[in-house]
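Take a look at the structure below.
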Amino acid sequence: MNFNNELSDLEKSFLFWTLRVQEYSYDTMHRIDFFLWELQVLNCFLHLQSFTFASECGMLDISQKMLEICKRFNTPPPHNAFAYWKELICKRLCAISIRPDDGFAYWKKVIWKTKQEFRAKYSFPKTLLADNKVDDDDTNPEFVMEFIDAVVGNLNVLVKINDPSSLLFVPGPKEQIEQVLKELKLLRFFVCFVSNKCIEPQYQHTTFYTHALIEASHIAMVVWLNLPIYGNRNQDLASSEVSCLLSNFMEMKIKSIQPGISRNNIYIDVLQALKSTIPQAQKKHAAESGIVEIPTHSLMVGLSDQMANLQEMLCLLKDNLIHLPILDLEFQPQDMDSVIIDAGLLIYSFYDMKGEKEDTTLEDINRELGFDLSRNIEPIKVMIYLVMQKAFQCNLPRIHGLGYVDFLLKNLKDFQGRYSDSFALHKTQIQVIQKEFESLQPFLKVVVEEPHNTFKRLSEDCAIQIIRKAHEVEYVVDACINKGIPHWRLKGWLQIIIEDITCIKEKIQEKNTVDDTMKTVIARTSSKLARTPRMNEEIVGFKDVIENLRNQLLNGTKGQDAISIHGMPGLGKTTLANTLYSDRSVVSQFDICAQCCVSQVYSYKDLLLALLCDAVGEDSDRRELPDNELADMLRKTLLPRRYLILVDDVWDNSAWDDLRGCFPDVNNRSRIILTTRHHEVAKYASVHSDPLHLRMFDKDESWKLLEKKVFGEQSCSPLLKDVGLRIAKMCGQLPLSIVLVAGILSEMEKEVECWEQVANNLGTHIHNDSRAIVNQSYHVLPCHLKSCFLYFGAFLEDEVIDISRLIRLWISESFIKSSEGRRLEDIAEGYLENLIGRNLVMVTQRADSDGKVKACRLHDVLLDFCKERAAEENFLLWINRDQSTNAVYSHKRHAHLAFTEMDSLVEWSASCSLVGSVLLKNYARRPLSSPAFSISHILLNFKFLKVLDLEHQVVIDSIPTELFYLRYLSARIEQNSIPSSISNLWNLETLILKHVSRCTVLLPSTVWDMVKLRHLHIPNFRPENEEALLENSAKLYDLETLSTPYFSRVEDAELMLRKTPNLRKLVCEVECLEYPPQYHVLNFPIRLEILKLYRSKAFNTIPFCISAPNLKYLKLSRSYMDSQYLSETADHLKNLEVLKLYFVKFADHREWKVSNGMFPQLKILKLEYLALMKWIVADDAFPNLEQLVLHECRHLMEIPSCFMDIPSLKYIEVENCNESVVKSAMNIQETQVEDYQNTNFKLVLIGIESISTDTKEKKLTVTRDVDADEVQLVVEKQRKRGML
């Protein structure tokens, strides 16, 4: 039955005409859907012409009647009825689209009336099954399954349509249709099972196939004749009556379908026939056909207490058979097949015998059939447990965050309080597990804080095993709460977990008792791993860097100096160091030159021998000497000489500690060049000179290196230069990548087409070849950093990543291990700085005030590595639009999934019940919403979801409050209020909701019951009930950031601040409804560091004075204030470091007076769009100011002259201010640079159009974007000429 291809062409034709008439598009689409559905059902019946039952019950009559209706279109029906309908409906729809008032309603009514007439005569086929045998291939099981698939597809259409305006809409509950669908699918599974297991077709088989076909065709006819009801307009059968018809079909399975033959008889016969062929029938396993669905579902009808245990076993077997293909378990498939067939025989015999004897028992049936199913199923119980446990364990990711035990212990404590009844039977075991994990916490802390201990590998292996057990406990405990696993299996599983944890603890104890002498067992073979430097290789690029380093080597301090070069893999650190080491102008100034390569795994003795060999020559006898004698020999050799030492590829501080004692300092300008990937090591090794962070190549250097490597001493052809420049740019400024691509180009024809092909496939070539380099850096990462690093794979290429968001995600993913007395955010910042120091992460922005990282990104090479390695480790999987769900199972458990399309999320949702996080990455960067599906409903499939980051791009219809494991939620909403059920998300730590429009969002009082909240971001929200907040809610002690509450009264602000005593960042909007405003001091939480205050109505007075003793950052926007207010505020803000005033109007004739001693710790002052004319600053104000920024302060007369005398001042930026402000800024620069020798001072002028001089008024006008130095140069020239 070729439904798809034919109907696909038809649908395209329909859509073509729909696009021509846009005003009728919705009506036309409904008509298209109507005709398509009718056409598909009719096509099913046209394939039954060769069967007797189809003719006997009238199925063929109705088909012919429909064809007669078509003749009324005055077009003779062709031989191919399907093609005729297709052509006819296409033409008819075109006419309807152009003239919507044409006779569509008439033809719809004719179709309905025809069905109505036939419905009165239709009955279930009564012809003997034997009479339906035919000689052609239509009797084969493939045809039966194809027919059932077609019927199921047609029913699915009715189930999915929820639009009442659709002609296919079925009002009322659809449970009966869904139940019928399930029955049909089970029937299809049964047919598949029988066809797979039977070796030679027998009478029982063909009878069964025919019966299955009759059942499927009957339900198709019942549905077609009665549904849909075309929007209620033609309904002459109540929905309850339709449900009754469907219910009758459901009951058919226990009734006789013809005299002397029941449905159960047919099933028993076919199962008995299969039972004798099980040992030979192994074409496919039962797990693949879904036959377990048959006995388990059949038990649902007329279930007795005696059968409950059997049902439980079979349901567990059914649910876990999918895991078998990926597990290496020892069992015989025929044993399982035998149990399944026995179960089917038992069940169908039970129904058959029950019709004769109401008190039939399980024992009666066992005796009747001659087997003991209860005994036979016991081995299956064991197998079920093995399958469940192994399947769970094999799908765990191989990389974990060490903070997962913290999360589990908190939840175990909460669970025992919330679900005490569910835990009653297993309380003792769970408490034992809880104590065991608590006892392992100190060990996990050591793994994080001492990542370079002697037994690093063993410690990390044990730590990973502990985290895997934590995941397993979470799964089993959830099953305990939700009754997902029977009691007998839970008890055994929990006991095995306890035994496994005991074994892990024994390994840890064994490790801790091993003597330190075991250190020598660790292989250290640096001589084998050391790279041989290419001494004569000419370096391309870094000319400025080489000159500076050469100067440091030859000049500078008289004492010993270590010049450290650090940077990410592939930058050319070793090449650069060897260039300097082999430079004749450098080497000639030293008495001894020696080098060694440390590498990740090294031998201390081999390093000493390599240095001695370069210093005094080869001597084989030295290898027999102990390490301390060799070290002393080297130190004495270097002591009287001026030496140059190259120590390449140092991985940690301990390696430098091993060597540094051998390098004496006798004030003779000896030098050491050290290369490392890690900033921490470079800084540790530095003596006088600061570490050099080797930069990336610039555009010219990238091209020169590519050209040199491809063409040698020759020049690139002009025809290739354009594409060559593009390729060089695409290499991402990384010398390693450039060299790799040059190697590819060198092997190709020097043709534009070939180079264009390389440009198109550049990413793949580079990344495949450079993976080994990145892999080495990854391999040596401590285990607590590996998950953090691979998580970068969830971000887009070239995406600038906000650090606050990244750290919140890390914490919610349990990557951060807690440490007593330290905030998780601070620990996470340390993790990030570690990755930055290893040159795996690039900083794109740091805070001006404290230098903390605000944004970062990954190089493309590293990003691709993260994505690939994360997928390999079952840690993170990117789901693209065209990716099939066939492979989803291998990433089913705890993997983090990143999607680019909502459609992909919908498609994969059914297979991701155990996924830990879902992240949507929208390339378009615009809000996404789809009316075709309910996102919140889909999310219910993600039972163990902990992170849902939709990046504010997806508009969700409602908040998924059933996901109580959820710790991070970010999305967009349309609702103006948050449901009170939000408190069901009692694990939630970060809640970020953005509204599609600017409006006030009401927050229920239940939010204040969410005591684990750390970050709450909802624009312009206010409590739904302030009184309930005051009287009933608890304090949110963990809440650190809050944005953006709306306060209409000062009392509201005071109330919320009392409920959030540990806030560190607050962004809020205030409005004073009192007039005149009543000033008083508002005490903010003592830990508050960042405060952004906005006025809902522009230029109103702030109704309170801010008191926050530890506030470091303050932004005031859209306010009206005077000097007194700022003076009083300054008195309460002694630790303020950053002050930003935005759209502020000043009273007192637009004047601001700053008194002595005000803002003692202020470093950054930024003034934007201020209505300020006169600024008076005392000499001792702003004593520590570093940056002054003035934007759009057009009325300001000048910058106070006292800024000339602030010694800490480094930077002034002026944008779109008047001439006198520019001039005063330049005077400050002159004084700072010339009088105080402040060489670090910088002046930036923005929004300047030209530089002109008025000689009469001796005035300089600056109105063009120019550098301040250029302006200063013009000023000096004009002054010399007497023009200024």
Side-chain angles (χ1 to χ4, degrees), residues 393 396-410 433-474 497 500-516 518-519 521-522 600-601 651-655 678 680-681 777-791 807 810-835 837-838 840 869-870 873 875 894:
Q393 292 173 347
L396 283 172
R398 291 182 286 276
I399 298 297
H400 301 272
L402 296 192
Y404 205 85
V405 172
D406 302 332
F407 177 67
L408 175 68
L409 287 174
K410 290 179 182 178
I433 290 173
Q434 184 176 349
K435 290 179 180 178
E436 292 286 8
F437 276 117
E438 288 171 349
S439 69
L440 289 168
Q441 287 284 64
F443 167 73
L444 292 175
K445 182 180 179 182
V446 170
V447 172
V448 173
E449 296 180 355
E450 300 178 18
H452 301 296
N453 63 61
T454 308
F455 301 102
K456 173 179 179 288
R457 180 62 181 271
L458 179 59
S459 297
E460 292 187 350
D461 286 347
C462 289
I464 294 299
Q465 291 179 43
I466 292 169
I467 305 303
R468 290 174 69 87
K469 284 298 154 189
H471 283 293
E472 199 168 333
V473 170
E474 179 187 65
I497 289 174
D500 290 343
I501 295 175
T502 302
C503 292
I504 296 172
K505 291 181 70 174
E506 290 174 355
K507 289 182 182 179
I508 295 171
Q509 291 297 328
E510 182 181 350
K511 176 191 76 68
N512 291 337
T513 57
V514 175
D515 191 81
D516 286 343
M518 285 294 293
K519 294 179 182 179
V521 177
I522 300 176
Q600 176 191 350
V601 180
W651 283 76
D652 53 53
N653 295 343
S654 60
H678 310 313
E680 177 184 300
V681 175
S777 290
Y778 171 79
H779 180 71
V780 298
L781 277 178
C783 65
H784 66 283
L785 293 182
K786 286 183 177 179
S787 56
C788 295
F789 178 57
L790 291 186
Y791 199 70
I807 286 177
W810 278 359
I811 292 173
S812 298
E813 298 281 11
S814 299
F815 297 162
I816 311 303
K817 181 73 184 76
S818 63
S819 180
E820 188 175 354
R822 296 185 64 194
R823 296 171 59 239
L824 289 174
E825 285 78 4
D826 292 336
I827 299 172
E829 287 179 4
Y831 286 14
L832 179 63
E833 288 288 358
N834 197 323
L835 292 173
R838 294 170 182 269
L840 294 172
R869 187 59 180 260
E873 301 286 3
F875 178 78
H894 285 110

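As a basis for the values below, the full set of heavy atoms in this structure was taken, side chains included, without hydrogen atoms, waters or symmetry mates.
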Mind checking whether F407 and E474 have side chains closer than 4.5 Å, heavy atoms only?
yes
Which of parallel (below 30°), tilted (30 to 60°) and perpendicular (above 60°) describes Y791 and F815?
perpendicular
Heavy atoms of L824 and S818 approach each other most closely as CD2-CA, 3.8 Å
To the nearest 0.5 angstrom, please state how far the CD1 atom of I467 sits from the CG atom of L440.
9.5 Å
Can you sort out the partners of A655 under side-chain contact (heavy atoms from CB on, under 4.5 Å), two or more places apart, ordered by chain and number?
V598, Y602, V650, D652
To check you understand the geometry: which heavy-atom pair defines the closest contact between S787 and G401, and what is its length?
OG-CA, 3.8 Å
Can you list everything that forms a side-chain contact (heavy atoms from CB on, under 4.5 Å) with Q441? Sequence neighbours excluded, please.
V405, D406, L409, L444, K817
At what distance, to the nearest 0.5 angstrom, does NZ of K469 lie from CG of L396?
9.0 Å
Please name the pair of heavy atoms, one in C462 and one in K507, separated by the smallest distance, quoted to 0.1 Å.
SG-CB, 4.0 Å
Results of side-chain hydrogen bond (donor to acceptor under 3.5 Å, both in side chains) for S814 - residues two or more places apart only
R967
Please tell me if the side chains of I508 and I466 come closer than 4.5 Å, counting only heavy atoms from C-beta onward.
yes
Among all residues two or more places apart in sequence or in another chain, which pass the ring pair (Phe, Tyr, Trp, His ring centres under 6.0 Å) test with F437?
none
H678 meets the side-chain hydrogen bond (donor to acceptor under 3.5 Å, both in side chains) criterion, sequence neighbours left out, with none
Check side-chain contact (heavy atoms from CB on, under 4.5 Å) between L835 and all other residues, then give those that pass, not counting sequence neighbours.
L781, L785, C788, F789, F792, W810, L840, V841
With rounding to the nearest 0.5 angstrom, report the CD to CZ distance, E829 to R823.
7.0 Å
For K505, what residues pass the side-chain hydrogen bond (donor to acceptor under 3.5 Å, both in side chains) criterion, not counting sequence neighbours?
E436, S439
Separation of L402 CG from I816 CD1 (nearest 0.5 Å):
9.5 Å
What distance do I504 atom CD1 and Q465 atom CD have between them, rounded to the nearest 0.5 Å?
5.0 Å
Least distance between heavy atoms, K445 atom then S819 atom:
CE-OG, 4.0 Å
For F443 and S459 the tightest heavy-atom approach is CZ-O, 3.4 Å
Set of residues satisfying side-chain hydrogen bond (donor to acceptor under 3.5 Å, both in side chains) with respect to E873, sequence neighbours excluded
R398, R869
Would you compute the distance between atom CZ of R468 and atom CG of D500 and round it to the nearest 0.5 angstrom?
11.0 Å
